[in-house]
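Sequence lines set the chain letters: A, B, ... in the order given, protein chains first and strands last, and positions in each chain run from 1.
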2 protein chains.
Amino acid sequence: MRHVAALAGVGIKTVSRVINDEPGVSDATREKVLSASRQLNYQLDMAAGSLRRAGRRTLSVGLLLPSVSNPFSGEINRAIEDALGARGIAVFAASLDDDPQREQDIVAAFLGRRVDGLILTPIARSQAYVIPEHSRDLPLVFIDREPVGVEADAVVTDNAAGSARAAAHLISRGHTRLAYLGDRTDIQTARERRRGFIEEIGRQGIPTSMIPVRENLHDEESARLAVLELLTAAEPPTAIFSSQNLITFGAMRALRELGLSKRVALIGFDDFTLADMMDPGVTVIAQHPERIGKLAAERLLARIDGDQQPPHTYVVPSELIQRGSGELRPPA
Amino acid sequence: MRHVAALAGVGIKTVSRVINDEPGVSDATREKVLSASRQLNYQLDMAAGSLRRAGRRTLSVGLLLPSVSNPFSGEINRAIEDALGARGIAVFAASLDDDPQREQDIVAAFLGRRVDGLILTPIARSQAYVIPEHSRDLPLVFIDREPVGVEADAVVTDNAAGSARAAAHLISRGHTRLAYLGDRTDIQTARERRRGFIEEIGRQGIPTSMIPVRENLHDEESARLAVLELLTAAEPPTAIFSSQNLITFGAMRALRELGLSKRVALIGFDDFTLADMMDPGVTVIAQHPERIGKLAAERLLARIDGDQQPPHTYVVPSELIQRGSGELRPPA
DNA sequence: CTACGATCGGACATCGTTGTCAAATATATC
DNA sequence: GATATATTTGACAACGATGTCCGATCGTAG
């Protein structure tokens with residue numbers, strides 16, 4: 001900047017004024033400065049600026065996702081980028097990979113870079129470690145799951161209600177022998193999905209003690225094995241609800257191996273590409289990652305802009321998409 | 001930092017020494033400082049540090065992808081994050097969305113944040129705009145496509161060779177009436193894929209002038225319509241090569257509509273989830289995004305560490321994965 | 001007890017920018 | 001032409017850290 005000032009023959013503060021579009025600069029001077037700046041290929045150093053600027057805004061935020069390679073996370077990432085990019089805010093994205101320690105490490109790395117806010121998918125048992133920062137007014141929004149140990153905004157899917165809708169849908173097609181396939185029980189959303197599913201079955205007057213619940217499935221293979229076992233036992237279920245994508249895939253494989261794809265009903269939580277190209281198409285409870293991301297970004301911006309409302313959890317409704325597998329009826 | 005120094009009763013430089021693990025501090029002093037730092041919940045400000053530090057490293061890099069929500073980009077993103085995260089480097093990820101103007105804008109935003117390097121998927125007609133920075137020693141690695149107008153490292157898939165392999169594979173199964181479905185011709189990789197495919201057909205002694213080439217397909221629907229048209233015309237092709245994921249999906253839909261999924265061979269460029277669950281499974285030329293990302297990150301780190309070799313383009317080989325659709329033979 | 005090297009600690013300038021404030025210049029008013 | 005006022009402009013300190021360099025302290029040998 002001093003070089004630009006020297007070349008233009010003005011003071012550095014004047015350069016600063018031109019670059020930042022502050023008023024009080026004559027057109028002639030402005031032109032001189034801009035020309036010098038172009039000539040030197042000058043680039044403002046935002047970091048140095050935010051050091052001095054009121055509020056110390058760095059125009060960057062940290063985003064912590066299960067994994068940037070996960071399509072669901074990718075959609076969220078994209079929606080957040082779009083909403084924040086419009087304000088000139090850049091996003092540090094990081095993956096936590098089911099590792100609670102990484103969660104804290106990455107948050108520390110973000111804080112060291114003086115981000116203006118954080119959007120986090122919590123996984124550690126407690127997020128109390130951010131209390132000091134949050135009470136120093138660091139904007140904070142959680143997505144997918146609510147935080148534990150700290151009060152902050154959160155944007156989540158209606159996990160229990162969505163799963164209840166799946167149960168009701170299957171029951172309305174005449175099923176009474178339902179099975180539940182769940183993710184690791186230390187994940188809050190997994191517990192919510194089970195609760196919603198089971199409670200709805202109870203509400204509909206079906207004894208829930210008979211419902212097979214297979215949990216702690218975290219990949220395709222374990223889900224496939226669980227379904228093979230369920231379906232080859234006595235009194236096999238006529239309908240299956242799988243609470244997560246990989247589990248749905250495992251279930252689909254097992255059904256295909258047994259030649260039961262068109263006889264055993266299946267509803268998966270989470271939509272996926274080509275679900276409609278399967279045979280039959282796979283009925284799902286679809287989440288809306290783009291809405292979750294957009295809402296989270298909007299809440300974060302509001303907080304950055306000084307919104308002082310008490311923290312609130314925003315629920316984004318899921319949606320039942322019928323494609324065939326969830327509409328199969330039980331054998332007569 | 002001054003607060004920590006005050007609380008610990010030492011000078012601020014001593015605090016800096018402790019935080020940065022520099023030698024020349026007694027254990028007693030170190031302990032005092034650490035304790036004060038914990039008490040105040042102190043966090044080093046990296047931006048301020050890099051202002052003064054030799055080399056001005058900010059420990060952050062910019063990553064520009066077609067879209068963070070695209071699974072292929074997601075894999076690359078993840079591999080890069082892993083490789084750079086190990087060195088404490090954070091990643092700004094942004095999507096360019098087929099918009100050449102965005103490419104420049106986002107690069108400018110990255111530069112303003114004084115990133116230590118850039119990994120870019122080029123899309124604009126020329127990347128000459130980064131020449132000033134690059135010649136000032138800004139490390140730069142391109143992925144997926146080679147840059148135009150600037151000499152820098154690049155990491156790409158063997159697009160032509162992979163497509164040639166697809167052609168050879170189909171011909172070895174007895175096909176002579178092949179069709180090519182391509183993306184927008186202003187995309188370098190799309191042109192490469194066409195070239196590889198067509199040239200291999202010529203090498204195998206089949207007249208290439210008869211090969212229907214349908215290009216500038218950029219979404220599922222346009223690809224579906226193109227395939228419907230191809231297959232209902234006189235002398236329809238017996239094998240189709242689609243040069244990109246969405247186009248492959250469109251082709252699959254068209255084949256299914258016409259009931260030809262098991263009669264017309266199909267090979268797609270790019271692997272995708274559940275390809276093996278289709279009926280028949282979809283044979284693909286798979287790219288290796290995780291290898292591309294890892295290699296790009298390694299090259300960037302080498303450049304950051306001062307590697308001065310002349311720029312080089314690294315080619316990551318693709319792989320033919322047989323799943324059935326590409327092994328169908330032409331009707332006798 | 002002094003001299004000396006090794007160790008430890010702090011004062012100060014500096015990085016690139018912006019906020020403050022006052023000086024310089026231009027313009028308007030009488 | 002003199003004064004008042006508005007507009008431009010720049011000098012300087014400060015943001016939070018680190019590099020440089022010098023001074024203080026300590027232990028030990030002579």
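Residue A/Thr14 places at least one side-chain N or O under 4.0 Å from the OP1 or OP2 atom of D/dG10. Using a 4.0 Å cut-off, no side-chain N or O of A/Ser26 falls inside it from OP1 or OP2 of D/dT7. Contact annotation: B/Arg2 side-chain N/O to D/dA17 OP1/OP2 distance is not under 4.0 Å.
Computed from coordinates, the A/Arg56 CZ to C/dG19 P distance equals 11 Å when rounded to whole Å. The CG atom of A/Asp45 sits 16 Å away from the P atom of D/dG16 (whole-angstrom rounding). When rounded to the nearest whole Å, the span between OH of B/Tyr42 and P of D/dA17 equals 3 Å. Per the geometry, CE belonging to B/Met46 stands 13 Å off C1' belonging to D/dG16, to the nearest Å. Distance, A/Arg30 CZ to D/dT8 P: 10 Å, rounded to whole Å.
Less than 4.0 Å separates DNA chain D from no heavy atom of any residue of residues 108-115 of chain A.
You'll find that the side chain of B/Val10 is closest to C/dG10, out of C/dG9, C/dG10, D/dG16.
Taking CG of B/Leu96 as the start and CG of B/Leu120 as the end, the distance is 9.0 Å to the nearest 0.5 Å.
Under the 4.0 Å criterion applied to side-chain N and carboxylate O atoms, A/Arg30 and A/Glu22 are not assigned as salt-bridge partners. Note on B/Glu290 versus B/Lys294: no salt bridge recorded, every NZ/NE/NH1/NH2 to OD/OE distance being 4.0 Å or above. A salt bridge is absent between B/Arg125 and B/Asp186: the closest approach of a Lys/Arg side-chain nitrogen to an acidic carboxylate oxygen does not fall below 4.0 angstrom.
Considering every non-hydrogen atom in both A/Leu64 and A/Val107, the closest pair reads CD2-CG2, 4.4 Å. Considering all non-hydrogen atoms of both residues, B/Thr313 and B/Val156 come closest at CG2-CG2, 3.9 Å.
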Using atom names, set out every protein N or O paired with an N or O of nucleotides 18-25 of chain D below 3.5 Å, distance rounded to 0.1 Å.
residue: D/dT18; atom: OP1; partner: B/Asn20; partner atom: OD1; Å: 3.4
residue: D/dT18; atom: OP1; partner: B/Asn20; partner atom: ND2; Å: 2.5
residue: D/dT18; atom: OP2; partner: B/Ser16; partner atom: OG; Å: 2.4
residue: D/dG19; atom: N7; partner: B/Lys13; partner atom: NZ; Å: 3.0

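The 12-atom threshold is exceeded at CD of B/Glu31, counting heavy atoms of other residues, nucleotides or ligands nearer than 6.0 Å.
Remark: the B/Glu133 side chain and the A/Gln43 side chain contain no N/O donor-acceptor pair separated by less than 3.5 Å. Residues B/Arg78 and A/Ser67 bring a donor and an acceptor atom of their side chains to less than 3.5 Å of each other.
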